[in-house]
Amino acid sequence: MPDDVAGFAELDLGRTARRGYPEAVYCAGKSPGQVGAIAAAVRARPDLVTLFTRAGPEHAAAVLHELPDAHHDADAALLAWPPRPPEPAGGLVVVVAAGTSDLPVAREALQTARYLGRRTELIVDVGVAGLHRVLARLDDLRRARVVVVAAGMDGALPSVVAGLVAVPVVALPTSVGYGAAFGGLAPLLAMLNACAPGVAVVNIDNGYGAGHLAAQIAAPAPAGDA
């Protein structure tokens, strides 16, 4: 482990070989200097995808100083290196944002699944306040191997989608909403109580977790499986 990070981090560079998926660097709570040192440490391993999640502007600047060609999705607060995602394999991951306000978390899920090697598509602003909007995208939803649905407010959209498709739905509650949404707790509980079966729920605003789970669900079948 490089001396520059030894005092505050122990990078799990063997995770891809062990689990099939690389480690991600959660930037929130780390100083820009720490994030920059980690970026410098992974520069020698372009064979491994490294995601920097929850990266504020100062974190992003520190990463880009060390990895100038890293892909930066400022809306998702995420950077990826190497900048080119892996050649996609497996099934399609469709990410749905109920409203435009849910888009940053939805994009975090989208980029995560993309850099973990899946084809991805994004559907935006199809919340239950206008049910015709999601019904108009049924053909797109039904092409997916798994659907991630990011929603705040009442958190109803994952149940609606799960009642319309034959694949798993990853419900992603967001902290969008007025006071009684309790910073995402109301949609979280609504999703945990989904009437439609086949819904898995991740933590509030956890786009990375949703994208990772979706990538695993949509992974190619292991060699030798029927």
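Sequence positions, counted from 1, serve as the residue numbers for this chain. Values in this document were obtained by computation on a predicted structure and should not be read as measured data.
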Is there a side-chain contact between [X] and [Y], using heavy atoms and a 4.5 Å cut-off?
X: H71; Y: D73; result: yes
X: I217; Y: V170; result: yes
X: L92; Y: R118; result: no
X: V126; Y: L157; result: yes
X: V94; Y: R143; result: no
X: R142; Y: V165; result: yes
X: I123; Y: D140; result: yes
X: R145; Y: V93; result: no

Residue pair V95, V149: steps toward the side chain to side chain contact (heavy atoms under 4.5 Å, CB included) verdict: CA-CA 6 Å; V95 179; V149 182; over 6 Å; no
Non-hydrogen atoms of [X] and [Y] that approach each other most closely:
X: P82; Y: L48; value: CD-O, 3.6 Å
X: D75; Y: P104; value: O-CB, 3.3 Å
X: L116; Y: P22; value: CD2-CD, 3.6 Å
X: A151; Y: P187; value: O-CB, 3.9 Å
X: A218; Y: V146; value: CB-CG1, 4.0 Å
X: T112; Y: G211; value: CG2-C, 3.9 Å

Please check this pair: side chain of [X] against backbone of [Y], looking for a donor-acceptor N/O pair closer than 3.5 Å.
X: H72; Y: L79; answer: no
X: D205; Y: S175; answer: yes
X: Q216; Y: L213; answer: no
X: N206; Y: V202; answer: no

Residues that, via side-chain heavy atoms closer than 4.5 angstrom, fall in one hydrophobic cluster with L51: V49, L78, Y115, Y208
Test log, rule side chain to side chain contact (heavy atoms under 4.5 Å, CB included), inputs L141 and V134: CA-CA 9 Å; L141 292 169; V134 71; 3.9 Å; yes
Show me the donor-acceptor pairs within less than 3.5 Å that the side chains of residues 38-47 make with the rest of the protein, sequence neighbours left out.
{"from": "R43", "atom 1": "NH1", "to": "E66", "atom 2": "O", "distance (Å)": "3.2"}
{"from": "R43", "atom 1": "NH1", "to": "E66", "atom 2": "OE1", "distance (Å)": "2.8"}
{"from": "R45", "atom 1": "NE", "to": "D47", "atom 2": "OD1", "distance (Å)": "2.9"}
{"from": "R45", "atom 1": "NE", "to": "D47", "atom 2": "OD2", "distance (Å)": "3.4"}
{"from": "R45", "atom 1": "NH2", "to": "D47", "atom 2": "OD2", "distance (Å)": "2.8"}

Interatomic spacing from CE in M191 to CG in D154 - rounded to 0.5 Å: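 With rounding to 0.5 Å, CE (M191) is 8.5 Å from CG (D154).
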Interatomic spacing from CZ in R137 to CG in D125 - rounded to 0.5 Å: 11.0 Å
Stepwise side chain to side chain contact (heavy atoms under 4.5 Å, CB included) test for L64 and W81: CA-CA 10 Å; L64 293 170; W81 188 84; over 6 Å; no
Flag for T174-D102: side-chain donor and acceptor within less than 3.5 Å: yes
Chi angles and distances behind the side chain to side chain contact (heavy atoms under 4.5 Å, CB included) call for R107, L122: CA-CA 8 Å; R107 288 198 62 84; L122 180 65; 3.8 Å; yes
ILVMFWY cluster, L67 and Y26 together (side-chain gap under 4.5 Å): no
